[in-house]
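Within every chain, numbering begins at 1; the chains are lettered A, B, ... in the order of the sequence lines, protein sequences first and strands thereafter.
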There are 4 protein chains.
Amino acid sequence: MSTDRDTSLRADARRNRDQIVDAAKTVFQEQGPEVPMEEIARRAGVGVGTLYRRFPDRDSLIGAVARDSFGRVRDEVRAVTAKEPGAWETVARLLAYSREMRVMVQLGFSERARTIKSHDPFVRGIQEELTDLLDRLVVTAQEEGTLRPDIGSGDFSVLLSLLVRHLPAAQEELADMVLHRATAVILDGLRTPGGPLPGRALTAPEVL
Amino acid sequence: MSTDRDTSLRADARRNRDQIVDAAKTVFQEQGPEVPMEEIARRAGVGVGTLYRRFPDRDSLIGAVARDSFGRVRDEVRAVTAKEPGAWETVARLLAYSREMRVMVQLGFSERARTIKSHDPFVRGIQEELTDLLDRLVVTAQEEGTLRPDIGSGDFSVLLSLLVRHLPAAQEELADMVLHRATAVILDGLRTPGGPLPGRALTAPEVL
Amino acid sequence: MSTDRDTSLRADARRNRDQIVDAAKTVFQEQGPEVPMEEIARRAGVGVGTLYRRFPDRDSLIGAVARDSFGRVRDEVRAVTAKEPGAWETVARLLAYSREMRVMVQLGFSERARTIKSHDPFVRGIQEELTDLLDRLVVTAQEEGTLRPDIGSGDFSVLLSLLVRHLPAAQEELADMVLHRATAVILDGLRTPGGPLPGRALTAPEVL
Amino acid sequence: MSTDRDTSLRADARRNRDQIVDAAKTVFQEQGPEVPMEEIARRAGVGVGTLYRRFPDRDSLIGAVARDSFGRVRDEVRAVTAKEPGAWETVARLLAYSREMRVMVQLGFSERARTIKSHDPFVRGIQEELTDLLDRLVVTAQEEGTLRPDIGSGDFSVLLSLLVRHLPAAQEELADMVLHRATAVILDGLRTPGGPLPGRALTAPEVL
DNA sequence: AATGAATGAGATTTCATTCAT
DNA sequence: TATGAATGAAATCTCATTCAT
């Protein structure tokens, strides 16, 4: 199990806990981590008191969401690279379209969430593993010649993180097309060795 | 004059007003539009009372900032395309590195700011003009063969808006390199006709 | 049996009840009667649910503690005065050093507890008997010439109640010495007919 | 000026501040330092917001009350001992009947208030000076032969602190008589060299 | 006109009490 | 019956906005 769910909870309490984390993930993704706690509780279908029994304050809830999302992202990337070590496009699309990634990045916007994450050993551990996975992915893909040679895992991360944000779209129906097309352009930019990039290849730890 | 500054104000009142808008722009860019009003007032070096005399509520301040920033962006794009109608790279770099663009996009994150902007005729006017400028820019550049033919002004806007966001960078010194490299990759993706893009070319009004 | 323990309870339920009253006594003495119910339950080693099964609300728990403590104090004073009707010093030291007295007085600090006690017929009954015991003690001791003649059982109670409170002591080891010395000074003040006291002798019912 | 009032406040703000401290002093004395902030605000005739503008949290209000009360007590003791260095009875009565002392002692009941006071350099300074004043007072009085020789300034403090607490009194009219008589008995105990006291003379720093 | 003090509505958090397991 | 999870009312605290100086 990649997440820190406490399996010792009573069944109903456990269900509530999961609903709370899930609701929080949804609203964090939509509105960032400062949403009223009542809103989260309401969406989870519980009273505020219940929320506070599980998570003594907002920070601890943010931490739980971060651990859950990071864990899932790590698992997905692990699974793909285990099968095809150089499948950078698959990974890129996976992450660009992943709800869990969106939460991660959305949490990255708030100084508060960033602090919490950086103090959480579990999250840091996952981050390190992700860094390693991406490093290997980039190197392998460049050896295979599918990925331009002058970028590093850091550049790759940055470009992915861009796609994960709320993209503008006046009409809701277009949202997916907007995302898919932007993704495709960026993948094209990554594939072809274009004009020389300024500076030097960045590694993931330099940007995450 | 591109902005709606009231030239009938006394010189000192005018100075105050400008300081407030400037301070608001700065903190909006850093922390989004929900910063405490006192913080804005403090940074502007005035009392809250003065802020409220100029801007009866937060919405009106957000509106003023939006009008100011949009106006300046429009002016810059106008200036460049007047000289070289197909200079899409120049425009792209201009916007990617512009503080005013950053404010605009940061305001785009908040539902509240989006509503305000969409109800402001002045902003809508600028937006329409910007849309036209971008349309012409894209078409001209595609005729010149410097820009891939399968994108529209909407796709172009989306990709620019990505670059304008806070990019991740663990070390502050790297921030600029991160931005410049990401910009270069995206420009490469826009230049070369790569794999076929999914869907159809999007126009600016569809995404802004 | 001096207290109102329900002898019809099953053995384990009875043990629970006693543990709860004892835990409550301890924390009431330490922190007053507004401690969180969970804290009391935890110290008693039971769940809150069990606590509430025994005592439907906080008031009823306070009442039970009061009845228990008052009962024990009454029993002790009874025992001493039965043997030596004028042993005022013995009684004074007994009470000054008694945990049960401390609880009683601590409960006296809170308006809430005072109300509960004054509405509880059992406690009132004990109080009346205590009053009588003290009256007789004071009169006898004054006839024997060991207690100054110008004080009443009320003054006596007041001075005892002072000793029963948390005395200040920066170092914990000194706590006992602090208490013993203060007690001795007060007993000296009670023994010797010193300067004339202001007002008139007070009776116990006037102050309790 | 012995207290830390900020004389730079605007007149009305200053008046409000004083009213808040005064109201807090009153309710702290009556109910201890955990009274609802709204209650304090109401008694001071201001909104909660005003209270929080002056005192960002409860601790800071407790601190302000402590500084104010300690300062006044110190000033009074200073004044008396300056005129008559051995006037221990005057000082004792002064403190026993002083509202400021009552607040100080009431605050001493709460662990929280104790922590705050012990971290406040201003309060600590006053405490040290008070300690010195009492030391000298006790020594002088013992040289004059009016105070029993076997007590220290610590014992003296303890006995005074007892008098300062809420004394029991069923009828409110008797409260004063109760206090005056208890004070007189204790002063008698302090005057006459009675039976030998257990332990050794305690100094003020040992108990405060 | 500018200031910053006061207000009170809303958000966070705690805890007495009830109720499902 | 015992447990501890859920609830919601009450307390704490923040901040947008108004108003006295």
Side-chain angles (χ1 to χ4, degrees), chain A residues 8-17 20 34-41 44-61, chain B residues 9-10 12-13 16-17 20 34-42 44-61, chain C residues 9-10 12-13 16 34-42 44-61, chain D residues 8-17 20 34-41 44-61:
Chain A
S8 66
L9 284 176
R10 227 166 65 182
D12 58 340
R14 177 55 197 289
R15 190 169 347 97
N16 273 334
R17 202 205 113 99
I20 291 169
E34 305 295 341
V35 226
M37 296 295 260
E38 293 246 6
E39 162 92 0
I40 300 170
V46 303
V48 238
T50 303
L51 197 167
Y52 274 94
R53 161 177 280 269
R54 273 323 139 219
F55 306 99
D57 54 23
R58 182 185 296 278
D59 285 1
S60 105
L61 177 58
Chain B
L9 286 175
R10 248 172 45 191
D12 58 341
N16 271 342
R17 205 204 111 98
I20 291 169
E34 305 295 339
V35 211
M37 296 295 260
E38 294 242 8
E39 162 93 0
I40 301 170
R42 188 157 32 72
V46 303
V48 243
T50 306
L51 195 166
Y52 273 92
R53 159 172 294 272
R54 289 298 157 236
F55 306 99
D57 54 23
R58 180 186 296 278
D59 284 2
S60 106
L61 175 59
Chain C
L9 286 174
R10 249 173 44 191
D12 57 341
N16 270 344
E34 304 294 339
V35 212
M37 295 296 260
E38 294 242 7
E39 161 95 359
I40 301 171
R42 188 159 31 72
V46 302
V48 244
T50 306
L51 195 166
Y52 273 93
R53 161 172 293 271
R54 291 297 158 236
F55 305 98
D57 55 22
R58 181 187 295 277
D59 285 2
S60 107
L61 176 58
Chain D
S8 67
L9 285 175
R10 226 168 65 183
D12 58 339
R14 176 55 197 288
R15 191 171 344 100
N16 274 335
R17 202 205 113 98
I20 291 169
E34 304 296 339
V35 226
M37 296 294 262
E38 293 246 8
E39 162 92 0
I40 301 171
V46 303
V48 238
T50 304
L51 198 167
Y52 275 95
R53 161 178 279 267
R54 269 329 133 214
F55 306 99
D57 54 23
R58 181 186 296 281
D59 285 2
S60 104
L61 176 58

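Whole-Å rounding puts the B:R17 CZ to E:dA1 P distance at 15 Å. In this structure, the CZ atom of A:F55 is 15 Å from the P atom of E:dT14, given to the nearest Å. For the pair B:L61 CG and F:dT17 C1', the interatomic distance rounds to 14 Å; values are reported in whole Å. When the P atom of E:dA16 is taken as reference, atom CD of C:E39 falls 10 Å away, rounded to whole Å. Nucleotide E:dG8 holds its P atom 15 Å from the CZ atom of D:R53, rounded to whole Å. Whole-Å rounding puts the C:R54 CZ to E:dT17 P distance at 17 Å. If you take CD1 of D:I20 and P of E:dA5, they are 12 Å apart, rounded to a whole angstrom. Distance CG (B:L51) to C1' (F:dT18): 14 Å, rounded to an integer number of Å.
For the atom pair A:T50 OG1 and A:R53 CZ, the distance stands at 8.0 Å (nearest 0.5 Å). To the nearest 0.5 Å, atoms OG (A:S60) and CZ (A:R54) are separated by 11.0 Å. In this structure, OH in D:Y52 is found 4.0 Å from CE in D:M37, a value given to the nearest 0.5 Å. To the nearest 0.5 Å, the span separating CG on C:L51 from CZ on C:R42 amounts to 12.0 Å.
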List every contact pair, protein side and nucleotides 12-15 of chain F side both N or O, where the distance is under 3.5 Å.
unit_1: F:dT12; atom_1: OP1; unit_2: D:M37; atom_2: N; d: 3.3
unit_1: F:dT12; atom_1: OP1; unit_2: D:R58; atom_2: NH2; d: 2.2
unit_1: F:dT12; atom_1: OP2; unit_2: D:M37; atom_2: N; d: 3.1
unit_1: F:dC13; atom_1: OP2; unit_2: D:Y52; atom_2: OH; d: 2.9

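Judged by distance alone, with hydrogens and angles left aside, the side-chain atoms of A:R58 form a donor-acceptor pair with the main-chain N or O of A:V35 at under 3.5 Å.
In this structure, A:E34 places its CD atom where more than 12 heavy-atom neighbours from other residues, nucleotides or ligands lie under 6.0 Å away. By the neighbour-count criterion of 12 heavy atoms within 6.0 Å, atom CD of D:E39 is densely surrounded, having more than that number from other residues, nucleotides or ligands.
Applying the side chain to side chain contact (heavy atoms under 4.5 Å, CB included) criterion to D:A44, with sequence neighbours excluded, gives D:Q19, D:I20, D:A23, D:V46.
Residue B:N16 has no polar side-chain atom (N or O) positioned under 4.0 Å from OP1 or OP2 of E:dA1.
In DNA chain E, runs of at least 3 stacked Watson-Crick or G-U pairs (N1-N3 plus N6-O4 or O6-N4, or N1-O2 plus O6-N3, all under 3.5 Å) give these stems: E:2-21 with F:2-21.
Sequence order on DNA chain F of the closest nucleotides to A:G47 and C:V46 puts C:V46 first from the 5' end.
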